[in-house]
Chemist: 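There's a structure below that I have some questions on.
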Amino acid sequence: MRRTQVTTTNQPSSIQCVEVLIPKILISNSSQTLFRTLSLYSLHNHPVKHDPGVHHSAIFHFMIFDWKRTILNLLEDRKIPYTIVHYFSPDTLYYDTIVEDLSESVHSNDVVLAVQ
């Protein structure tokens, strides 16, 4: 087992993300595998809960790298329409509560993670 040191900072992330709107009916009429794949690549591991006025579509957040490399081809191969809502850079890829919990438990700005 090796250890990797990750420093938590308040600097904005340089990772670019995309918010994508996909019709729910086409995801559910496809296969359960498609929904699982979209969820797996999504930043939140599930559709984002958003505006109730968009009840016929699911909204997912993906990193641009995953969007271009995998998700875009997956949707186009299956002829599933999508709408790119916007591009964004998240402050962090982790939930703020997780980062706060980790920094409180270690009592410093450095978090040591075990990587196998």
Side-chain angles (χ1 to χ4, degrees):
M1 183 189 301
R2 69 173 199 243
R3 293 186 172 263
T4 304
Q5 186 169 348
V6 178
T7 303
T8 59
T9 65
N10 291 333
Q11 296 175 350
S13 170
S14 62
I15 302 216
Q16 296 295 309
C17 299
V18 62
E19 183 174 272
V20 180
L21 191 72
I22 303 170
K24 284 182 184 175
I25 190 79
L26 296 176
I27 295 172
S28 61
N29 284 348
S30 184
S31 66
Q32 199 59 12
T33 306
L34 176 62
F35 181 78
R36 275 189 251 136
T37 302
L38 293 173
S39 295
L40 178 71
Y41 280 96
S42 163
L43 293 179
H44 306 289
N45 292 326
H46 55 76
V48 178
K49 302 211 185 318
H50 247 297
D51 185 357
V54 189
H55 61 279
H56 294 296
S57 295
I59 297 174
F60 290 93
H61 290 164
F62 303 107
M63 289 190 297
I64 294 292
F65 177 80
D66 292 331
W67 170 252
K68 289 180 179 177
R69 187 188 62 155
T70 305
I71 302 301
L72 180 60
N73 293 331
L74 179 68
L75 295 175
E76 288 181 347
D77 288 348
R78 296 178 184 220
K79 296 181 174 44
I80 295 178
Y82 59 87
T83 302
I84 295 176
V85 178
H86 68 94
Y87 295 91
F88 64 97
S89 290
D91 291 336
T92 179
L93 292 179
Y94 305 102
Y95 292 111
D96 292 337
T97 55
I98 293 173
V99 173
E100 289 173 6
D101 289 346
L102 284 174
S103 64
E104 287 175 9
S105 66
V106 175
H107 300 293
S108 74
N109 286 338
D110 293 332
V111 178
V112 177
L113 300 175
V115 180
Q116 292 183 354

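Computed from a predicted model, the values in this text were never measured in an experiment.
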Chemist: If you compare all heavy atoms of N45 against all heavy atoms of L40, which two are closest, and at what distance to 0.1 Å?
Modeler: OD1-O, 3.5 Å
Chemist: Is I80 linked to V20 within one hydrophobic cluster, defined over Ile, Leu, Val, Met, Phe, Trp and Tyr using a side-chain heavy-atom separation of less than 4.5 Å?
Modeler: yes
Chemist: Suppose we screen for ring pair (Phe, Tyr, Trp, His ring centres under 6.0 Å). Which residues come up paired with Y82, at least two apart in sequence or across chains?
Modeler: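 Expected list: W67.
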Chemist: Check whether L72 and L26 end up in the same hydrophobic cluster, where Ile, Leu, Val, Met, Phe, Trp and Tyr are linked by side-chain heavy atoms less than 4.5 Å apart.
Modeler: yes
Chemist: Can you sort out the partners of L21 under side-chain contact (heavy atoms from CB on, under 4.5 Å), two or more places apart, ordered by chain and number?
Modeler: V54, S57, I59, T83, V85
Chemist: Can you list the residues that meet the side-chain contact (heavy atoms from CB on, under 4.5 Å) rule with I64, with sequence neighbours excluded?
Modeler: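 Counting only residues at least two positions away or on another chain, I64 forms a side-chain contact (heavy atoms from CB on, under 4.5 Å) with Q16, V18, K68, Y87.
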Chemist: I need the E76 CD to I71 CD1 distance, nearest 0.5 Å.
Modeler: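 If I round to the nearest 0.5 Å, the distance is 12.0 Å.
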Chemist: With hydrophobic residues grouped by side-chain heavy-atom distances under 4.5 Å, do I84 and V48 end up in a single group?
Modeler: no
Chemist: Aromatic rings F60 and F62: how do their planes relate, parallel, tilted or perpendicular, breaks at 30° and 60°?
Modeler: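 F60 and F62: parallel rings.
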Chemist: Show the nearest heavy-atom pair for residues I15 and P90, with the distance to one decimal.
Modeler: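 In this case the closest contact between I15 and P90 is O-CD, 3.4 Å.
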Chemist: For L38, does its backbone N or O pair with a side-chain atom of S42 as donor and acceptor, under 3.5 Å?
Modeler: no
Chemist: Which residues pass the side-chain contact (heavy atoms from CB on, under 4.5 Å) test with R69, not counting sequence neighbours?
Modeler: Y41, F65, D66
